Chemist: 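The structure that follows is given in the form of structure tokens.
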2 protein chains.
Amino acid sequence: MNTHADPYIETDFTDRQGAVLEAALGLLVEGGEKAITTAGIARAANCSKESLYKWFGDRDGILAAMITYQASKVRVSARLGGPSQSPEAFRAELEVFANDLLTVLSGETSLALNRLAIGQGSREGSVLGNLLIERGRKTVRERALVLLQSGQLAGVLRFNDRAAAFDTLYSLVVGDFHVRMLLGESVPALRDELARKEHVEQAIDRFHLLYSKDQMN
Amino acid sequence: MNTHADPYIETDFTDRQGAVLEAALGLLVEGGEKAITTAGIARAANCSKESLYKWFGDRDGILAAMITYQASKVRVSARLGGPSQSPEAFRAELEVFANDLLTVLSGETSLALNRLAIGQGSREGSVLGNLLIERGRKTVRERALVLLQSGQLAGVLRFNDRAAAFDTLYSLVVGDFHVRMLLGESVPALRDELARKEHVEQAIDRFHLLYSKDQMN
DNA sequence: TTAGTACCGTACCGTTCGGTACCATGTCAA
DNA sequence: TTGACATGGTACCGAACGGTACGGTACTAA
């Protein structure tokens with residue numbers, strides 16, 4: 001793992017700085033990257049440009065700070081049920097996870113930040129992209145891995161490769177939706193609560209079918 | 001469907017215009033959206049800015065033309081085998097499709113155009129995003145649906161909802177990879193031919209498991 | 001009070017970029 | 001040859017933006 005060598009990685013912000021980043025996120029959600037100008041942020045947050053540069057270095061520093069700030073806000077509560085559960089309880093647990101995942105990914109702030117990082121990060125060594133993968137993906141992954149293991153301990157699931165099982169789960173739950181939302185499409189299956197619930201159930205159905213204890217892969 | 005009411009949708013380009021768009025795509029792949037300046041395109045393509053504005057209207061027109069031009073180039077050859085095949089032949093057919101899909105999505109030009117559309121298209125009514133979904137997704141979808149139907153006719157697959165089956169197939173094959181590549185990550189499972197083949201086989205395995213003729217959903 | 005600190009608001013500078021205008025060159029038709 | 005047309009090259013303009021500098025203000029500590 002990368003031990004605190006990177007720039008742009010500051011995780012402690014004062015309240016004032018947090019408020020400024022909040023305003024910047026608002027601008028980003030509303031108007032895209034084009035709306036993130038230093039003057040615009042200063043105006044929206046009632047702060048001076050000089051403070052922006054003192055706190056975050058330069059414009060890229062502001063963008064990176066926005067990502068780390070937002071990520072630090074979305075600390076997923078890793079609610080883990082007891083290690084042994086009934087199959088029904090575990091399935092419900094999985095559905096909650098899937099629903100939470102879709103909720104996060106379809107959030108306006110998440111979409112805006114992903115659009116920012118993607119639009120910015122054409123070349124390898126994309127700082128914002130790595131930041132987003134590291135801070136966003138890792139947390140949900142951790143939570144899911146714990147969940148999957150508890151499912152295996154409960155005898156509901158069977159798999160050799162826990163990471164591969166997670167990838168499959170993620171694929172079945174999220175699938176095509178993320179990219180389509182990033183491209184601006186309003187995905188029907190995620191609009192209302194009913195359609196989303198149906199999709200989640202189907203996805204979990206398929207996952208259970210692939211990893212039920214009588215299957216092996 | 002939208003009948004030729006939109007602007008930005010021009011599908012016929014002269015050779016000279018095609019060469020200019022080619023140069024613009026080169027710039028995009030190399031340097032991201034930031035590199036797409038009118039002066040830069042004119043310089044790279046040895047044409048005048050005035051010609052650019054005469055042909056494409058404005059900068060957004062150039063971007064849209066780049067997408068339609070590239071899409072018109074990648075016409076997928078819808079190679080369809082005979083309607084009735086052996087299960088092994090059909091599975092091989094599916095693997096070829098999956099491999100082609102991953103090849104297209106991981107191509108530098110495709111990634112660059114997707115990054116462009118995503119970075120650009122924050123707000124609903126994202127012209128470039130719709131263009132990309134329409135021109136890109138539709139073709140691969142058509143090809144896959146034909147393929148799936150032939151699989152059903154051959155008795156290898158069973159499903160009620162062909163579209164849902166396609167979504168599952170797409171999810172299992174592409175999964176997380178597209179977004180991660182868009183974010184700048186070099187996905188290990190797609191680097192060398194061997195790892196990719198293994199991934200495709202696993203994905204098709206799971207797809208067959210879900211939609212084999214003794215399952216129902 | 002005095003000095004220091006942190007911050008806001010604004011003005012300013014250099015650069016870049018989208019878009020337009022103008023001129024030169026080549027080509028084709030009459 | 002002459003004139004119309006398409007195109008390349010260059011210069012130019014106005015606006016926007018990143019970044020810096022400066023003055024003014026509130027607060028704190030000695």
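Naming: A, B, ... by sequence-line order, numbering from 1 per chain. From a predicted model like this one, the values you see are computed outputs, not experimental measurements.
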Chemist: Please report, rounded to the nearest Å, how far the P atom of C/dG19 is from the CD1 atom of B/Ile62.
Modeler: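 In whole Å, C/dG19 P and B/Ile62 CD1 are 8 Å from each other.
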Chemist: Mind calculating the distance between CD (B/Gln17) and C1' (D/dT7) to the nearest angstrom?
Modeler: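 Taking atom C1' of D/dT7 as the reference, CD of B/Gln17 is at 12 Å.
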Chemist: Atom CZ of A/Arg43 and atom P of D/dC17: how far apart are they, to the nearest Å?
Modeler: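 Rounded to the whole Å, the gap is 9 Å.
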Chemist: Does B/Ala42 or A/Arg59 map to a spot on DNA chain D nearer the 5' end, using the closest nucleotide for each?
Modeler: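 First, find each residue's nearest nucleotide; the 5'-ward one identifies B/Ala42.
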Chemist: Between D/dG8 and B/Ser51, is there an OP1 or OP2 to side-chain N/O distance shorter than 4.0 Å?
Modeler: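 Checking B/Ser51 against D/dG8: at least one side-chain N or O falls below 4.0 Å of OP1 or OP2.
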Chemist: From the options C/dC8, C/dG19, D/dT7, select the nucleotide whose nearest atom is closest to the side chain of B/Lys54.
Modeler: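 Given the options C/dC8, C/dG19, D/dT7, the side chain of B/Lys54 is closest to D/dT7.
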Chemist: Do NZ/NE/NH1/NH2 and the carboxylate oxygens of A/Glu142 and A/Lys138 come within less than 4.0 Å?
Modeler: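 Here A/Glu142 does not pair with A/Lys138 in a salt bridge, since their nearest N and O are not under 4.0 Å apart.
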Chemist: Kindly point out which of D/dG18, D/dG9, C/dG9 is positioned nearest to the side chain of A/Tyr53?
Modeler: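 The answer is D/dG18, which lies nearest to the side chain.
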Chemist: Send over the distance from B/Glu50 CD to C/dG18 P, rounded to a whole Å.
Modeler: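 My rounded result for the distance is 17 Å.
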Chemist: Closer than 4.0 angstrom, basic N to acidic O: yes or no for A/Lys73 and A/Glu22?
Modeler: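 Salt bridge between A/Lys73 and A/Glu22, a charged N being under 4.0 Å from a carboxylate O: yes.
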Chemist: Considering only C/dG9, D/dG8, C/dG18, which nucleotide approaches the side chain of A/Asn46 most closely?
Modeler: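 Looking only at heavy atoms from C-beta outward on A/Asn46, the closest nucleotide is C/dG9.
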Chemist: Can you tell whether the side chains of A/Glu33 and A/Arg59 come within less than 4.0 Å, N to carboxylate O?
Modeler: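 Salt bridge between A/Glu33 and A/Arg59, a charged N being under 4.0 Å from a carboxylate O: yes.
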Chemist: If the plane angle is over 60° it's perpendicular, under 30° parallel, otherwise tilted; pick one for B/Phe177 and B/His199.
Modeler: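 Aromatic pair B/Phe177/B/His199 classed tilted.
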Chemist: Give a yes/no answer on whether the side chain of A/Thr38 brings an N or O atom under 4.0 Å of OP1 or OP2 in D/dG18.
Modeler: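 So the side-chain polar atoms of A/Thr38 do come within 4.0 Å of the phosphate oxygens OP1 or OP2 of D/dG18, strictly under.
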Chemist: Using only side-chain N and O atoms of A/Trp55, determine if any of them is under 4.0 Å from OP1 or OP2 of C/dA6.
Modeler: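 Result: no.
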Chemist: To the nearest 0.5 Å, tell me how far B/Leu111 CG sits from B/Leu105 CG.
Modeler: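 The CG atom of B/Leu105 is 8.0 Å from CG of B/Leu111, to the nearest 0.5 Å.
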Chemist: What is the nucleic acid contact for A/Ile36, judged by heavy atoms within less than 4.0 Å: base, sugar-phosphate only, or nothing?
Modeler: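 Contact class for A/Ile36: sugar-phosphate only.
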Chemist: How many Å lie between NZ on A/Lys34 and C1' on C/dC17, as a whole number?
Modeler: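 Atom NZ in A/Lys34 sits about 9 Å away from atom C1' in C/dC17.
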Chemist: Under 4.0 angstrom, heavy atoms only, what part of the nucleic acid is B/Leu52 near: base, sugar-phosphate, or nothing?
Modeler: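 Nothing: the residue B/Leu52, judged by heavy atoms under 4.0 Å, touches no strand.
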Chemist: Report yes if at least one side-chain N or O of B/Arg16 is closer than 4.0 Å to OP1 or OP2 of D/dG8; otherwise report no.
Modeler: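 So the side chain of B/Arg16 is within the cut-off, an N or O lying under 4.0 Å from OP1 or OP2 of D/dG8.
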Chemist: Of the candidate nucleotides D/dG19, C/dT20, D/dC22, which contains the atom at the shortest distance from the side chain of A/Lys49?
Modeler: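 Among the listed nucleotides, the one closest to the side chain of A/Lys49 is D/dG19.
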Chemist: Could you state the atom-to-atom distance from CZ of A/Phe56 to C1' of C/dC7 in whole Å?
Modeler: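 In whole Å, C/dC7 C1' and A/Phe56 CZ are 14 Å from each other.
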